[in-house]
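Bear in mind the structure is a predicted one, so any value in this text is a computation, not a measurement. Order of the sequence lines sets the chain letters (A, B, ...), proteins ahead of strands, with each chain counted from 1.
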Amino acid sequence: MKKILMRGNEAIAEAAVQAGCAFYAGYPITPQNEIPEYMSWRLPEAGGTFIQAESELSAINMVYGASACGARAMTSSSSPGISLKQEGISFLAGAELPAVIVNMQRGGPGLGNISASQADYFQAVKGGGHGDYRLLVYAPYNLQELWDLTMLAFDKADEYRNPAMILGDGILGQMMEPFTPTPYVKPDLPEKTWALNTCKDGKPNVIKSLFMGEGELEQRNYMLQAKYQKMKNKEIRFQVYDIEDAELIVVAFGIAARIATAAVRKLRSEGRKAGLFRPVTLFPFPEEQLNDLAGSGRKFIAVELNAGQMVEDVKLAVNGKSEVLFYGRPGGGIITPEELYEKLSGLLS
Amino acid sequence: MATPLSLKELSKKEVLLTAGHRMCSGCGAPPVVKMVLLASDYPVVASNATGCLEVSTCISEYTAWKIPWIHNAFENAAASLSGVETMYRSLKKQGKIDKEIKFIAFGGDGGTYDIGFQSLSGAMERGHDMLYICYDNGAYMNTGIQRSSATPFGADTTTCPAGSVVPGKLQQRKDLTKIMAAHGIPYVAQASPSSWSDLMKKVRKALEIKGPKFMNIIAPCNRGWRSRTDDAILLSRLAVETCYWPLYEIEDGVTKITVKPKEKKPLVDFLKPQGRFKHMFAPENEWMLKQAQEEVDKNWERLLKEEAFTASLETPKE
């Protein structure tokens, strides 16, 4: 299949359209504006509906409405806008509604700036909004994955009746590179009999996140937790490079993994034993896989574009079997491959 | 004694939004802000919603503002200033401050008509002593010209692009000035930088009134309007002369048109110089020009009637 050249944000939008996204609601914020802009003409052309909301709050709640009616629904934003969406995201999770939420992260906290960052890791994987809930979180590191994981996110959101997030960043959104636009193949998914689009048997469906009856909410939470456990059992994705004999394993996701790949390759070309472990799903996190690699004097280093977030999960996974270090730069800073090479070089024999 | 509103006297005053900011050349917003600040003889504290004005006037470590200035997230200019103004009243009551200070919020149309509307409405209803100024350029220009609820009918933007099926924005713009008047606040006005003296008189009047005030000021954006960079004032004048942007005020419920065009120009005079309306001049889109003109006519007629009606309600002053 022929490769195509596109901008990251547009690749996400086109992948969503091809995956059958029927509804998109968005609101302007840099650096993700190309997603709503592309959707504004492309989605109606494909028979779907595009709405520009008057705020992020409205956009996420439009997604709630569309998803409740059974549509494949999506919204996108960047860090401050994702913060505004948190109430709606919690409601989606609580009401078990599928949706795809794209966060092209920028530097924070507050207004921060508009360059790439990974400082929304905690917000994405630990819940973000109120209550005990989880999103399926995918962390693409190139445009091929932006394409593939966007399609997958729609399928998995439907399969688990759970919101899924694409955790990208300003670099991935703005960059252009060739990739293969793999055609979408819809898997066998159960019919959305729960959706508010039919009263076939004269029985109305109910979708809600409010459970006031004695013990009801607790039961609901146990059910949700069982679902998250099922994700942990079945949905973990990761990639490894040169880890078999590695003395030092870099753990990095998204654009940081892209930077780390260059540094690790350079070290390997010098015969030095560095490897890379790249979680593709951030929730569920590849805990066991990391634990299996730990021990026998091997060191880990989490490399992130933040002040140290995923490193906490790496430490939990390794559980004391290996030393876990951290190298990162918080919002406003970008790690260069040379800088990382120097850092890693100093840690290797 | 207030500075007379003459160019000679005003030119002696310090300009409080300095040169060196990074707004585009030919942008209509900085002249609006300068006029507003020049109109005040009181010290002013300003809040600013996210937008071109905010992002281009406070490039980190520098500021073009010679007054105390606060920015918070997009939707919060009126809320943040509510907090500041309340603190000021408290300090005044405690005798820790005695100066008479005026509070002015600046927001673009995205931050005012759309995402910031809730906090604006709340601040006006609570009655904070502040003047909210919306500089309306009719789209989210800062993020790349996406439509807003202030975008005029027919305009081409990046999220309502004019194509062969959908010819630009299909909805009419929201009449925010009237919505703010419906809050029953003491002063609401619409202004244009092309009528600087009218604009400054209105600001001055607003600042003398205690309580919440709102002004909507047109501010052409050559990037989004696809117009010449030296046409900002000309276009804002055409907006007034075509009655697309009537200059009026509503003081204690009484509507007064402050500048009546001698001759009402056809709306196309305002639309034609702007690339965002180019497709409306295609033969198949003639209906759009007609519809846009009808909307302007309807609103203008209604405004004239409102002026006559509210004047008739007024009890004659002694």
Side-chain angles (χ1 to χ4, degrees), chain A residues 7 9-10 13 24-61 75-86 104 106-115 170 173-174 331-332, chain B residues 48-52 54-56 58-61 70-77 80 108-121 139-151 155-171 173-174 176 179 224:
Chain A
R7 190 190 283 259
N9 282 335
E10 292 178 345
Y24 172 92
Y27 187 73
I29 186 170
T30 309
Q32 62 85 51
N33 292 311
E34 294 81 5
I35 302 176
E37 286 171 9
Y38 189 91
M39 282 302 208
S40 74
W41 63 269
R42 180 68 178 105
L43 196 51
E45 187 182 83
T49 300
F50 163 86
I51 296 185
Q52 185 185 317
E54 74 281 12
S55 71
E56 284 90 352
L57 204 56
S58 292
I60 190 72
N61 287 299
T75 187
S76 66
S77 192
S78 179
S79 307
I82 295 290
S83 293
L84 267 181
K85 289 184 197 285
Q86 290 304 332
M104 302 313 271
R106 59 187 248 181
L111 198 62
N113 68 13
I114 55 172
S115 67
Q174 297 298 320
Chain B
N48 206 165
T50 305
C52 291
E54 165 267 324
V55 85
S56 309
C58 67
I59 306 285
S60 190
E61 289 175 54
I70 183 169
H71 165 258
N72 196 349
F74 205 1
E75 68 280 19
N76 293 320
S80 301
D109 50 286
T112 307
Y113 283 65
D114 290 348
I115 194 167
F117 180 67
Q118 180 172 308
S119 79
L120 167 61
S121 181
Y140 290 83
M141 303 308 185
N142 186 40
T143 44
I145 321 168
Q146 294 87 12
R147 60 97 78 188
S148 77
S149 61
T151 302
D156 171 57
T157 74
T158 54
T159 50
C160 57
S164 52
V165 181
V166 183
K169 192 186 173 196
L170 295 177
Q171 299 84 6
R173 54 192 300 281
K174 191 197 263 181
L176 185 66
I179 295 168

Output, in order, the C-alpha distance, side-chain angles, deciding distance and verdict of side-chain contact (heavy atoms from CB on, under 4.5 Å) for Glu34(A) and Thr158(B).
CA-CA 9 Å; Glu34(A) 294 81 5; Thr158(B) 54; over 6 Å; no

Just checking Gln86(A): does its CD atom have more than 12 heavy atoms from other residues, nucleotides or ligands closer to it than 6.0 angstrom?
yes

Tyr27(A) portion near chain B, given a 4.5 angstrom heavy-atom threshold:
side chain

Measure Thr159(B) against the heavy atoms of chain A and call it side chain, backbone, both or neither at under 4.5 Å.
both

Sort Leu84(A) into side chain, backbone, both or neither according to what part of it lies under 4.5 angstrom from a heavy atom of chain B.
side chain

Can you see which heavy atom on Glu54(A) is nearest to which on Tyr140(B), and at what distance?
O-OH, 4.3 Å

Relative to chain B, which of Ser58(A), Ser40(A), Pro31(A) shows the most heavy atom pairs under 4.5 Å?
Ser40(A)

Check whether more than 12 heavy atoms from other residues, nucleotides or ligands sit under 6.0 Å from atom CD1 of Ile114(A), and answer yes or no.
no

Contact origin within Pro28(A) toward chain B - heavy atom pairs under 4.5 Å:
both

Between Glu75(B) and chain A, which part of the residue has a heavy atom less than 4.5 Å away: side chain, backbone, both or neither?
side chain

Part of Phe74(B) lying under 4.5 Å from any heavy atom of chain A:
side chain

Could you give me the CA-CA distance, side-chain angles and deciding distance for Leu111(A) and Thr50(B), then say whether side-chain contact (heavy atoms from CB on, under 4.5 Å) is met?
CA-CA 9 Å; Leu111(A) 198 62; Thr50(B) 305; 4.3 Å; yes

